[in-house]
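Notes to accompany the following structure.
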2 protein chains.
Amino acid sequence: MPRSYPQAKSRLEAALQALRENHSRVTAPRRAILKLLTHEHGPFTVEEVHRRIKNAGDVVTVYRSLAAMEEIRLVRRCDFGDGAYRYEFNMGEHHHHHIVCRGCRSVKTLDFCVADGLERMARQLGYANVSHALEIFGLCRRCQKKPLEMAGA
Amino acid sequence: MPRSYPQAKSRLEAALQALRENHSRVTAPRRAILKLLTHEHGPFTVEEVHRRIKNAGDVVTVYRSLAAMEEIRLVRRCDFGDGAYRYEFNMGEHHHHHIVCRGCRSVKTLDFCVADGLERMARQLGYANVSHALEIFGLCRRCQKKPLEMAGA
DNA sequence: TATTTAATTGCAACTTACTTGCATTATGAA
DNA sequence: TTCATAATGCAAGTAAGTTGCAATTAAATA
Ligand SMILES: [Mn+2]
Ligand SMILES: [Mn+2]
Ligand SMILES: [Zn+2]
Ligand SMILES: [Zn+2]
């Protein structure tokens, strides 16, 4: 059971407010999606969000809602390279990176970034609008003990 | 016109040899694929490889060939997050990273890595088989001058 | 060189994550 | 309450990539 965030409720309220301020509307599916994202550790795939929520509506709604939330910077999308994007709540907080288990897809957060220097370098080379994607992959302890097929290695 | 690599011919020969040593077979499609990858700067999508090569056979063959070559470490796959994997020749060389233009998908190579420390950290946390993915994104100078739709921003 | 084995290919069908069009519903501003 | 328009649901469409299988062919071996 993932532990819920402290301040989850106020984060939820702030997120709903941000929706309103962006000419978006607060609907039952969006409320449910944001409740999950603010209360539990992600990131989550669209399918996971949809599965875990009552009132999330159609999957298409989850796709569209998360895309809209990304636009207005309520959530971040990340790519673990396994064919499904994942979303996590991030409302203006500093970005971070993950160690992702290739077996169970569990995630450890790395709360700092080593790519600032690279971004600066890219800007010096003339690039605008610079960003980066960084994920660490490995097999977690638990998955190392399981037979390989289960661990997905 | 991309400039061709020095030593391209011997790299190609070495690659074909590596295929043989791995109980793989040297076929016309594979020869053509490796000729492209050793002679021109990548990385390339499967579609690009297929389009630019006579004798590359069916696209499925390109998919399967590149997958096989990745298995035996002749090529590396990278993910620019735009829906199509890309492959570049890399036969035991040190890995590197890229600055990728979000407009034209042109690539600048960064011949060093800043994630070694993170990998070490992951191993200390108990992860095995650690690796990472890192790409820098931006809009290159040329694309900054184009209208936004063209630049894909 | 001829034989044999197993890797590779081509084709068509399939999967999967995600997108789009459109008619209907419902939010929230006026 | 009215009303403009944002969001939704459903169905259909994309697009990258995978898979099954029969036919082909590289290359090991006789
Ligand atoms: Mn995170
Ligand atoms: Mn490269
Ligand atoms: Zn694990
Ligand atoms: Zn560009």
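Convention: sequence-line order gives letters A, B, ...; per-chain numbering from 1. Remember, predicted model here, so these are calculated numbers, not experimental data.
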Take atom CG of B/L19 and atom C1' of C/dA7, then tell me their distance rounded to the nearest Å.
12 Å
Tell me which pairs pass side chain to side chain donor-acceptor pair (under 3.5 Å) where either residue lies in residues 58-70 of chain A, with sequence neighbours left out.
none
Please evaluate residues B/H97 and A/H132 with respect to the criterion side-chain hydrogen bond (donor to acceptor under 3.5 Å, both in side chains), reporting the C-alpha separation (whole Å), side-chain torsions for both, the decisive distance (0.1 Å), and the verdict.
CA-CA 11 Å; B/H97 298 289; A/H132 68 273; over 6 Å; no
Are any of A/R25's side-chain N or O atoms less than 4.0 Å away from OP1 or OP2 of C/dA26?
no
Could you check whether A/Q144 and A/R141, counting side-chain N and O atoms only, form a donor-acceptor pair closer than 3.5 Å?
no
Where chain A begins and ends its contact with DNA chain D, read 5' to 3' at 4.0 Å from heavy atoms:
D/dA4 to D/dA11
What is the distance, rounded to the nearest whole Å, between atom CZ of A/F44 and atom P of C/dA17?
18 Å
Figure out the CG/C1' separation between A/D82 and C/dC18, and round it to whole Å.
15 Å
For a quick check of understanding: with a heavy-atom distance under 4.0 Å over all strands, which category does B/T45 fall into, base, sugar-phosphate or nothing?
nothing
Any B/I33 side-chain heavy atom under 4.5 Å of B/H50 side chain
no
Please tell me which of A/R20 and A/R77 maps to the more 5' nucleotide of DNA chain C, matching each residue to the nucleotide holding its nearest heavy atom.
A/R77
Tell me: OH of A/Y85 to C1' of C/dT16, nearest whole Å?
14 Å
Whole Å only: how far is the CD atom of A/E48 from the C1' atom of C/dA17?
14 Å
Counting only side-chain N and O atoms of A/T27, is one of them less than 4.0 Å from OP1 or OP2 of C/dT25?
no
NA contact type, A/V59, heavy-atom cut-off 4.0 Å: base, sugar-phosphate, or nothing?
nothing
Rounded to whole angstroms, how far apart are CD on A/E21 and C1' on C/dG28?
15 Å
Side chains of A/S131 and B/R102: is there a donor and an acceptor less than 3.5 Å apart?
yes
When you match A/V26 and B/V60 each to their closest nucleotide on DNA chain C, which lands nearer the 5' end?
B/V60
Name the atoms and distances for all side-chain donor-acceptor pairs under 3.5 Å in residues 85-94 of chain B, with sequence neighbours left out.
| residue | atom | partner | partner atom | Å |
| --- | --- | --- | --- | --- |
| B/Y85 | OH | A/G81 | O | 3.4 |
| B/R86 | NH1 | B/D82 | OD1 | 3.0 |
| B/R86 | NH1 | B/D82 | OD2 | 3.3 |
| B/R86 | NH1 | B/A84 | O | 3.4 |
| B/R86 | NH2 | B/D82 | OD2 | 3.2 |
| B/E88 | OE1 | B/H96 | NE2 | 3.3 |
| B/E88 | OE1 | B/H98 | NE2 | 3.2 |
| B/E88 | OE2 | B/H96 | NE2 | 3.3 |
| B/E88 | OE2 | B/H98 | NE2 | 3.4 |
| B/N90 | OD1 | B/E93 | N | 3.1 |

Quick one: does B/S24's side chain have a donor or acceptor within less than 3.5 Å of a partner on B/R20's backbone?
no
Within the 4.0 Å heavy-atom criterion, would you say B/R64 contacts the bases, only the backbone, or no part of the nucleic acid?
base
Let me know the distance between CD of A/E47 and C1' of C/dT15, rounded to the nearest Å.
15 Å
